[in-house]
Structures are given as structure tokens and as C-alpha cells.
Amino acid sequence: MCPIPNVERDGFKIFIAESLRAQNIEYMFGIVGIPITEIAIAAQAVGIKYIGMRNEQAACYAASAVGYLTGRPGVCLVVSGPGFLHALGGMANANLNCWPLLVIGGSSDRNQETMGAFQEFPQAVRTSIYGRPGSCYIDIPGDFVNLQVDKSSVKYVECCLPPPLSMAEQSTISEAVSVVAQAEQPLLIVGKGAAYSRAENNVRKLVDLCGLPFLPTPMGKGVVPDNHPNCVAAARSTALQHADVIILLGARLNWILHFGLPPRFRQDVKVIQIDICAEELGNNVRPAASLLGDINTVTKQLLEEFSKRRWKYPSSSQWWKKLREKIMSNEEKSKGLELQKSLPMNYYTVFRHIRDLIPRDCILVSEGANTMDIGRTALPNYQPRQRLDAGTFGTMGVGLGFAIAAAMVAKDRTPEKRVICIEGDSAFGFSGMELETICRYNLPILIIVVNNNGIYTGLDTDAWKEMLKSGDPATCAPPVSLLPNAHYERIMSAFGGKGYFVTRPEELQDALKASVADGHTPALINVLIDPRSERKKQEFPWLTRSNM
Ligand code: ADP
């Protein structure tokens, strides 16, 4: 049992913790130090779960993922100065992803402000869940934490109401439906805003009612299941390039969607944009209709309007024929790569085994360049908010924090769900020490490191030895290379989890079966693949430059 602090005696810190609890905050991640250790203890005492991490950056990623998964912000607790600076990466990532997050920092005592006090840092406070979600920083002076407060003088603020749900203006709904009804080659794009707003039931109804082809963004996957017959993810480039009307549901026309511009889109594409953030409307492309409001509410409005008009896109259209043909030819190409028998394995073979052996409803966390990109197409999602990846900021190093957050949330809400974290070897390195956190809290996370000895590509052992003959690796080693055959699985075994080192398909299958069957021990499978294994040839370069 945790000791319950006496409110009158223990002072202000308990009011901080109680205020957080009153706002339905359930999880706090952080690294303690002066003056915030007491806040973590007080948080535990009021029933908030505290997870002590190994780096504030990973703690902040974890807290932000709680915000995405639950709709209430997770808290990241840091000391000021260096702790706050480490957390900045997580705050920026949460802001870019539009995920709510609360960062609490303990700074110097008030009488030392501006005197160059220990870890002093100027900060600001912002809101997290209303409007477009984002991160918010609260700074607590050190002497506040242990301040003695008379309980009767404390004014408690009630839990804030859930964000008000705004509807789009009715005239914009009719306008949007008229544009879609005249489309010859329509496309619905489902983004992570739709996942965050929990619009899955209405978006699924919209797809079925209107027979629209849909394309999920990386984290929009699962809002409508990937195996839905209208999913055109396998014909992504074709769908984007030729669509004449696009309904953009909670996704931005940023780099992930190639800015909505040619050559990836038609010059004359009509975009119907739905977003909660007015500033986002019209960004890069002038929309044919702008629907400002909450996605779930606006989707319901669209459903009503489409039902009234009884409009359905014909499944016999030339557009559907073109998309289906492209889906088939792309799937054939991937299958060819998946079935290759040569050793070392390539990415596609590895993902085929993973797909065949992991539970269907697991939560997938993924990062790394090729590992994330290929995994996105090879591993289906059937439910919303079950894919977490490098996101809008393209941040590497988020994986272990996200996996820890997902495992904590799953433990309380869906204990049958397994968290599987698929990491490139470089991405894994950013927060690898969080394996200790995973083992300390005994979180049943399965980590798979797809190890190609480098960033994008690496050298095999022979090539590495050869390279060393030419001199100091600081002058000769390719900057993309990492140590060949690194035994990352031994870090997991060092902390009491299970580690597997695999080089062959049968070993990979055995390790996957064993760790899935076990179900409760943290495990890491280190899969060595061909350092030269690449993504299949793409029609367009990865990051299409804007023509503007
Ligand atoms: P993706 O990465 O999937 O393309 P983005 O993060 O670019 O998605 O876009 C998500 C969009 O969703 C943001 O512009 C954000 O303002 C919006 N959004 C977030 N929550 C809601 C909501 N409840 N209703 C409407 N839009 C939302």
C-alpha cells in the first residue's frame, strides 16, 4: 500500500496531484529529481499511475501517446532545465501530431528566479484538449511543492467538460455532397484526426453507404478495417494521382500527402476539407468546400445528407476497375518479394512471417525508415488507434515510449491486447534503455528489431572488416552504418526479459510463436536481414518536392 499523505501536513504537492486526478488524469511518466520527486509520490497516493522512465524524451512520447489513445492527456513529469529540454522533443512531436499532452516541470524556488538558479528555465502554459489538441506546459516553482497550505483555502477546480463538439455549417454540407455526387473518380482519405475523434462508426457507415474508395493515412489505418473491400491502400499513388474529388477527413495536406499538389495530385482536384482547426482549411490547396467542425459530428451530418439524396458511387465504374487492377498488380509484386527464399532475409519475407503469426487485434507500434514504410503496407490494422508510428514530425525514437504507454492503457482497458513494437535497428537505439523500464514494470511488450546494420542500409560483417583495413572508422565507415550483427536481444535478457537472435525464417517463426504463446514476458526478437534489402521500387521518390 502506498502511504496516503496527510493533506494539511504535506502541503501543495498533494493539491497538484489531486487537481490532476480531478481532471481524470490516469497516467504520469517521468524521471524524478529535485524538486518534483514529491509530486510523483503524491500522484501515486491519489491513484495516478506513475511510470519512471530512463529519458524524459521517451517519457514525453509515452505521455503523448496516452493522450491519443484515451482522449485525456497523459502527464510527463520532468525537472526543469535539462529535463525540460529533453521533453521538448516530445512536446513538439505531440503538437505536430495534434495530440493532447501535459508536461509538468519543477523549477527553481520563486526567490531565485532570474538569479541563474539551479535548472531555471522560462516556460509557458497552454491548453491541451480543446480545439486542435496539443501540448501544454505547467511550471511549478520548487518552493511551491513543499509549501504548507491550509486545506480550506484551496479552491478545487472541477474536471473540465469534454471538448464541445462543433458542427459544420449546413450550407457547406450540401455544397460538399453536391461536389461528391458529381465526381467521376472520388476518393476518401481517412487521417489520424478521424481516429482521434473516435469517428470510426460513422466513417465506416459513410464508406458503406456511398461505396467510396478510401485511403487511410499511416495512423488513419484501422478507422475502417484495412481488409474492407473499398480500401485502396495498395493502389495509393494511382488513387491520389487520378482522383478528381477528394474528401479529406482529419488529415493535412502536408508532406505525408505530398502537399496535395502535382505531380502526385491532379492540378484540378477538388478537395473537400474537414478539420477542427480553421487555420488548416485552405492550406496548400484551395478547397472546393471547407467543413469546419468535429470529424465525428460532421461525418454524421454528411451521412444524413447522403441518405437524403440516396447517392451511391457505382462499383462498376472505370475508376473502380483501374483501382482494382492496380491493387492486384501491386499485391503480386509484394508477394513475389515476400516469397523469396534467399538468405539473409529481406524486409518483405520478415513482415510476411510477422503478419502470419501475430494476433489480429494487437496494437502495432512502428518506426524506422524502411521498417516503418514496408510494415505499414504489409501489416494490416483492423481497429482504430492501434497503429502508432513516427507521425507528422517523422520522429525516430518514439517507439519504446509509445509501446510503454500503449501497454499501460491496454492493461487497464483491453488486457487481451498485445503490444508489438517493430523497430528499425537505428530507431531502436534512440530509447533502447527503456527496455529496463519495460522489464521493471513487467509489461508484456514484444519488440522486433529488424536489423540491417544501419540507417537505411548497412554493411555486413565481411564488408565491415574490409572497411576497417582502410583505416580509422571515423574516416572510412559509411555514416549510415551501425555495428554489424549487434546483439540487441542481449539487452533484453540482461533485464530478465526474453531475447532471441534470428537469422533464418524458421528461427523467426519459432521466436514469434514462443513469445506470442508466452504472452506475459517482455521479449525482443533481433532479426538480422540483408543489409542491402530495400523497399520495392516506387513510382515517385519518397519525399516529393513541392512544385510551388
Ligand atoms: P495524418 O497524419 O493522418 O495525415 P494529420 O495529423 O495531418 O493526420 O491531420 C489530423 C488533423 O485532424 C489535424 O489537422 C487536426 O486539426 C484534425 N483534428 C484533430 N482532432 C479533430 C477532431 N476531433 N475533429 C476534426 N478534426 C480534428
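As the structure lists them, so they are numbered: ligands from 1, and atoms in each ligand from 1.
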Trainee: Report all side-chain donor-acceptor pairs from residues 219-235 shorter than 3.5 Å, counting only partners two or more places apart or in another chain.
Mentor:
| unit_1 | atom_1 | unit_2 | atom_2 | d |
| --- | --- | --- | --- | --- |
| Lys221 | NZ | Asp226 | OD2 | 2.6 |
| Lys221 | NZ | Arg376 | O | 2.9 |
| Lys221 | NZ | Leu379 | O | 3.1 |
| Asp226 | OD2 | Asn381 | N | 2.8 |
| His228 | ND1 | Asn230 | N | 3.0 |
| His228 | NE2 | Asp208 | OD1 | 2.8 |
| Asn230 | ND2 | Leu212 | O | 3.1 |

Trainee: Among all protein heavy atoms in this structure, tell me which lies nearest to atom 20 (N) of ligand 1, with the distance rounded to 0.1 Å.
Mentor: Tyr196 CD2, 3.7 Å
Trainee: Consider ligand 1: state whether an atom of it lies below 4.0 angstrom from any non-hydrogen atom of Met219.
Mentor: no
Trainee: Look at atom 26 (N) of ligand 1 and find which of Ile276, Leu96, Leu253 reaches it with the closest heavy atom.
Mentor: Ile276
Trainee: Please report which non-hydrogen protein atom sits nearest to atom 7 (O) of ligand 1, along with the residue it belongs to and the distance in Å to one decimal place.
Mentor: Arg252 NE, 2.9 Å
Trainee: So, Ser178 and Arg309: side-chain donor and acceptor under 3.5 Å apart, yes or no?
Mentor: yes
Trainee: Report the member of Gly250, Gly293, Gly131 with the shortest heavy-atom distance to atom 8 (O) of ligand 1.
Mentor: Gly250
Trainee: Aromatic contact between Phe393 and Trp99, with the criterion being ring centroids under 6.0 Å apart: yes or no?
Mentor: no
Trainee: Any side-chain donor-acceptor pair under 3.5 Å between Thr349 and Asn346?
Mentor: yes
Trainee: Can you list the atoms of ligand 1 that are under 4.0 Å from a heavy atom of Gly191?
Mentor: 3 (O)
Trainee: For the atom pair CG (Asp373) and OH (Tyr347), what is the distance rounded to the nearest 0.5 Å?
Mentor: 9.5 Å
Trainee: Among all protein non-hydrogen atoms, which one is nearest to atom 23 (N) of ligand 1, and what is the separation to 0.1 Å?
Mentor: Asp294 OD1, 2.8 Å
Trainee: Nearest 0.5 Å, what's the CD-CG distance between Glu280 and Leu248?
Mentor: 8.5 Å
Trainee: Quick test: of every protein heavy atom, which one is nearest to atom 1 (P) of ligand 1, and how far off is it to 0.1 Å?
Mentor: Thr217 OG1, 3.6 Å
Trainee: Under the salt bridge (Lys or Arg N to Asp or Glu O under 4.0 Å) rule, collect the residues that match up with Arg355, sequence neighbours excluded.
Mentor: Glu338
Trainee: Please confirm whether Ser197 comes within less than 3.5 Å of ligand 1 when only nitrogen or oxygen atoms on both sides are compared.
Mentor: no
Trainee: Backbone or side chain, does any N or O of Pro133 fall under 3.5 Å from an N or O of ligand 1?
Mentor: no
